[in-house]
S.K.: 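Once you've had a glance at the structure underneath, I'll fire off some questions.
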Amino acid sequence: MEDSPSEVFVHVSAARCWELVRERVNQEIAKQHKLGKLKLPPLQPPGSLDGMEMFGFSSPAIVQVIYLVTNVMLALNQMVCWRMTGVTN
């Protein structure tokens, strides 16, 4: 895989994106195995690598920021709805 720096994996879901990476790694392991290469890592089963963790979305600091941003966005959305409907608190 290091020989393919231009290979890109894109998906809206971090978990699915990492799953695409895992599938590609398994393809390369199988290919090298067929070519007779020894001492290869085992194939990685589905779920063996966690995309959220691999992209850093499981770290406590990131989880906290996502939580805070989500709450701010919900509050702003509620304020916009109040203004559109004329409702005040």
Side-chain angles (χ1 to χ4, degrees):
M1 296 289 297
E2 289 84 13
D3 296 336
S4 305
S6 63
E7 193 161 357
V8 178
F9 301 91
V10 178
H11 200 278
V12 296
S13 160
R16 180 61 185 136
C17 188
W18 196 253
E19 193 67 17
L20 294 171
V21 172
R22 183 197 62 78
E23 290 169 1
R24 179 63 181 91
V25 167
N26 281 345
Q27 288 174 0
E28 189 62 27
I29 292 170
K31 175 184 167 187
Q32 294 298 319
H33 180 73
K34 287 179 184 175
L35 294 173
K37 189 167 183 179
L38 302 175
K39 297 185 181 179
L40 294 169
L43 294 176
Q44 301 298 310
S48 61
L49 301 171
D50 181 350
M52 297 300 281
E53 184 176 336
M54 295 304 293
F55 286 112
F57 294 130
S58 296
S59 73
I62 298 299
V63 169
Q64 184 178 15
V65 169
I66 291 170
Y67 176 78
L68 292 172
V69 168
T70 300
N71 284 336
V72 168
M73 295 302 292
L74 289 171
L76 289 172
N77 185 45
Q78 192 172 30
M79 288 172 51
V80 168
C81 288
W82 287 338
R83 285 193 175 175
M84 291 177 67
T85 61
V87 176
T88 60
N89 18 337

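Bear in mind the structure is a predicted one, so any value in this text is a computation, not a measurement.
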S.K.: Going by the rule side-chain contact (heavy atoms from CB on, under 4.5 Å), which residues pair with Pro46 if we only count those two or more places apart in sequence or in a different chain?
M.R.: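 Partners of Pro46 under the side-chain contact (heavy atoms from CB on, under 4.5 Å) test: Glu19, Arg22.
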S.K.: If I compare all heavy atoms of Cys17 with all of Val10, which pair ends up nearest, and what's the gap?
M.R.: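 Closest heavy-atom pair between Cys17 and Val10: SG-N, 4.1 Å.
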S.K.: Among Ile66, Asn71, Val65, exactly one meets side-chain contact (heavy atoms from CB on, under 4.5 Å) together with Val69. Which residue is that?
M.R.: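 The option that passes is Val65.
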S.K.: Given the rule in the side-chain contact (heavy atoms from CB on, under 4.5 Å) test, do Met73 and Asn77 qualify, once you have shown the distances and angles that lead to the verdict?
M.R.: CA-CA 6 Å; Met73 295 302 292; Asn77 185 45; over 6 Å; no
S.K.: Taking side-chain hydrogen bond (donor to acceptor under 3.5 Å, both in side chains) as the test, write out the residues that go with Gln78, two or more places apart.
M.R.: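 Per chain and number, Gln78 pairs via side-chain hydrogen bond (donor to acceptor under 3.5 Å, both in side chains) with no residue.
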S.K.: Looking at Leu43, is its backbone amide N or carbonyl O close enough to the side chain of Asn26 to form a donor-acceptor pair, meaning the two atoms are under 3.5 Å apart?
M.R.: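 No: the side chain of Asn26 does not pair with the backbone of Leu43.
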S.K.: What distance do Thr70 atom OG1 and Leu68 atom CG have between them, rounded to the nearest 0.5 Å?
M.R.: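 These two atoms lie 8.5 Å from each other.
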S.K.: Atom NE2 of residue position His33 - does it have more than 12 heavy atoms of other residues, nucleotides or ligands inside 6.0 Å?
M.R.: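 No, NE2 of His33 has 12 or fewer neighbouring heavy atoms, counting only those of other groups under 6.0 Å.
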S.K.: Looking only at heavy atoms, what is the nearest atom pair of Ser59 and Gly56, with distance?
M.R.: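 Distance-wise, the nearest heavy atoms are OG-O, 3.3 Å.
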S.K.: Can you tell me how far the NZ atom of Lys37 sits from the CD1 atom of Ile29, to the nearest 0.5 Å?
M.R.: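 Rounded to the nearest 0.5 Å, the NZ-CD1 separation comes out at 10.5 Å.
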S.K.: Please tell me whether Gln32 and Glu28 have a donor and an acceptor in their side chains that are separated by less than 3.5 angstrom.
M.R.: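 There is such a pair between these side chains.
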S.K.: Search all heavy atoms of Phe9 against all heavy atoms of Leu20 and return the closest pair with its distance.
M.R.: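 Heavy-atom minimum between the residues: CE2-O, 3.7 Å.
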S.K.: Taking all non-hydrogen atoms of both residues into account, name the closest pair between Ser13 and Arg16 and its distance.
M.R.: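 Heavy atoms of Ser13 and Arg16 come nearest at OG-N, 3.1 Å.
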